[in-house]
Structure formats: structure tokens, C-alpha cells
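The structure under discussion appears below in the form of C-alpha cells.
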Amino acid sequence: MCLFCKIVAGEIPSTKVYEDETILAFRDIAPMAPTHILVIPKTHIPSVDGITAENSAVVAHIFETIPAIAAQEGLTGGYRVVSNCGDDAGQTVHHLHFHILGGKKLNVEMA
Ligand code: 5GP
Ligand code: ZN
């Protein structure tokens with residue numbers, strides 16, 4: 001089981017900020033901003049590359065939920081959503097996840 005599947009299963013503890021039947025959001029263990037949350041599907045999808053017509057409903061659900069998570073976290077000034085896909089992007093956990101970063105003026109560099 002991958003690291004984030006273990007977090008979904010409760011085998012590794014996490015600080016949850018949102019959970020429902022199909023997705024989970026929890027605080028990043030090494031925050032890069034005052035607010036740094038990871039949102040994941042409970043089912044194992046390896047990365048953005050693994051999104052298909054068959055499994056994309058959960059991705060839509062993640063994006064429908066992100067505004068509520070941002071509001072709950074008080075990110076009234078805005079926030080960034082990032083997903084690293086593959087080696088060149090520096091993906092380290094191979095279970096699809098979207099970073100929500102906020103709580104300060106973020107650096108503008110995209111690459
Ligand atoms: P990636 O580099 O794949 O885009 O993002 C993986 C993220 O997972 C990193 O920001 C890293 O800090 C976070 N992370 C790695 N292991 C754990 C863990 O055990 N718990 C939590 N909450 N975050 C983790
Ligand atoms: Zn997984």
C-alpha cells in the first residue's frame with residue numbers, strides 16, 4: 001500500500017481538515033506556506049497521468065470541494081492549487097494529490 005493509501009486507511013496518522021466518502025484533505029507534514037493542505041482521492045490514482053474518463057468524477061469532486069476547504073482555512077486572500085506529476089515535476093508520493101498553498105503572498109515563479 002502506498003503512503004497516502006496508508007493515511008486513508010488510518011495506518012499512518014494525519015491531521016485531517018476535510019473527509020467524505022471519496023476524498024480526504026490533510027495538512028502537509030512539511031508545510032511550504034502557512035497553510036499547506038493535500039487533497040487526495042481515497043482510491044489510488046498514481047498521478048495526473050492516471051486520470052481517465054472512468055475515474056475523473058473524483059477529481060471533479062476534489063475541485064468542487066477545494067473552495068470550501070479554502071474558506072474553512074480562512075484563505076480569503078487567495079491560494080494556489082498545485083499537482084506535481086512525475087520526476088521532472090518532483091513528484092515524491094505516487095498517489096494523486098493536489099497541494100493547497102496559502103496564507104501568505106506566494107512566490108510567482110512557476111518553474
Ligand atoms: P509531492 O512532492 O509528491 O508533490 O508532494 C508530496 C507531499 O507529501 C510533500 O509536500 C510532503 O511534505 C508530503 N508528505 C510526505 N509524507 C507525508 C506524511 O507522512 N504525512 C503528510 N501529512 N504529508 C506527507
Ligand atoms: Zn495510494
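Heavy-atom basis, side chains included; hydrogens, waters and symmetry copies ignored. Keep in mind the model is a prediction, meaning the values are calculated, not measured. Order of listing sets the numbers, starting from 1, for every ligand and every atom in it.
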Tabulate below the donor-acceptor pairs under 3.5 Å that side-chain atoms of residues 97-111 make, not counting sequence neighbours, or state none.
| residue | atom | partner | partner atom | Å |
| --- | --- | --- | --- | --- |
| His97 | ND1 | His95 | O | 2.7 |
| His99 | ND1 | His36 | NE2 | 2.8 |

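- In summary, an N, O or S atom of Cys2 is located under 2.8 Å from the Zn ion (ligand 2).
- Minimum-distance N/O/S atom of His44 relative to the Zn ion (ligand 2): ND1.
- A donor-acceptor pair under 3.5 Å is formed between the side chain of Gln72 and the backbone N or O of Val17.
- Looking at Gln91, its side chain does come within 3.5 Å of a backbone N or O of Val93 through a donor-acceptor pair.
- Other residues, nucleotides and ligands contribute over 12 non-hydrogen atoms within 6.0 Å of the CG atom of Asp20.
- Between the ND1 atom of His95 and the SG atom of Cys5, the angle taken at the Zn ion (ligand 2) works out to 100° after rounding to 10°.
- Listed here is the closest heavy atom pair of Ser47 and Leu96: C-CD1, 3.6 Å.
- Protein residues with any heavy atom under 4.0 Å from ligand 1: Leu3, Phe4, Ile7, Phe26, Arg27, Asp28, Ile29, Ala30, Leu38, Asn84, Gly90, Gln91, Thr92, Val93, His97, His99.
- The minimum heavy-atom distance linking Ile40 with Ile62 is given by the pair C-CD1, 3.9 Å.
- Between Lys42 and Glu21, no side-chain nitrogen of the basic residue sits less than 4.0 Å from a carboxylate oxygen of the acidic one, so the salt-bridge criterion is not met.
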